[in-house]
Amino acid sequence: MKLKGKKIGVALTGSFCTFDKIFAGLERLQKEGAEITTIFSDAASNIDSRFGNAEDFLLRAEEITGSKPVCTIEDAEPIGPKGLLDLLVIFPCTGNTAAKLANGITDTPVLMAAKAHLRNNRPLVISISTNDALGMNMKNIGLLLNAKNIYFVPFGQDSPSRKANSLVAHTELLIPTLEMALEGEQYQPILEAF
């Protein structure tokens, strides 16, 4: 139980097709004894999709963690100056969020949380989920792979024949990835087949 008592931020972006796995991961973190703060991107907190309603996702996060999610840039900003988190994971991290993060754009609560957290030289973990990872977004993923204090949940092609450019994280490796990131190490291997 290396995560017991650790203050972990879980930032959700709009890869709604992964939310079942994301909430299962939140429950695993809670069982590990982590103190969890959820941060929702504008898309994750406002868009109703075929995978569920935004309001239901917000309520489910609150039920699991016992606290209301952070849903505004203003509420995410104190994460840095107050040193509120030991670790932050973007879970899931869309291609849009990865591109903005790699290029220093801070226009959502999730990106503000990441920027604020990184200023403290603490680990940021990315759980990628994007259909264009091996296309236009590969350069951004490459930049993030090479950045200080940024780690990745191992990932692979989830459907090479139907979506050749798509990469999705192996969410079952969330806990060991977070544990290693707290030690300043990247979980290996980072590329794994599905």
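In what follows, residues are counted from 1 in the order of the sequence shown. Because the structure is a prediction, the values reported are computed rather than measured.
Using cut-offs of 30° and 60° for the angle between ring planes, the Phe57 and Phe23 rings count as parallel.
In this structure the side chain of Pro154 never reaches within 4.5 angstrom of the side chain of Gln188, judged on heavy atoms.
No close placement of the Tyr151 and Tyr187 rings is indicated, their centers lying 6.0 Å or farther apart.
Under the rule for a salt bridge (charged side-chain N to carboxylate O under 4.0 Å, His left out), Lys21 has no partner lying at least two apart in sequence or in another chain. Evaluation of the side chain to side chain contact (heavy atoms under 4.5 Å, CB included) rule for Ser127 yields Phe91, Val153, Ala169, Thr171 as partners, not counting sequence neighbours.
Counting non-hydrogen atoms of neighbouring residues, nucleotides and ligands closer than 6.0 angstrom, the NZ atom of Lys100 exceeds 12 such neighbours.
Distance check: Ile8 CD1 to Thr38 OG1 gives 13.0 Å after rounding to the nearest 0.5 Å.
Between Cys17 and Phe51, the shortest heavy-atom contact is CB-CZ, 3.5 Å. Scanning all heavy atoms of the two residues, the minimum distance from Asn140 to Ala99 falls at ND2-CB, 3.4 Å. Looking at every heavy atom in both residues, His117 comes nearest to Leu85 through CE1-O, 3.6 Å.
Between Ser166 and the options Thr130, Asp158, Asp132, a side chain to side chain donor-acceptor pair (under 3.5 Å) holds for only Asp158.
Applying the side chain to side chain donor-acceptor pair (under 3.5 Å) definition to pairs two or more places apart or across chains, none involves residues 77-90.
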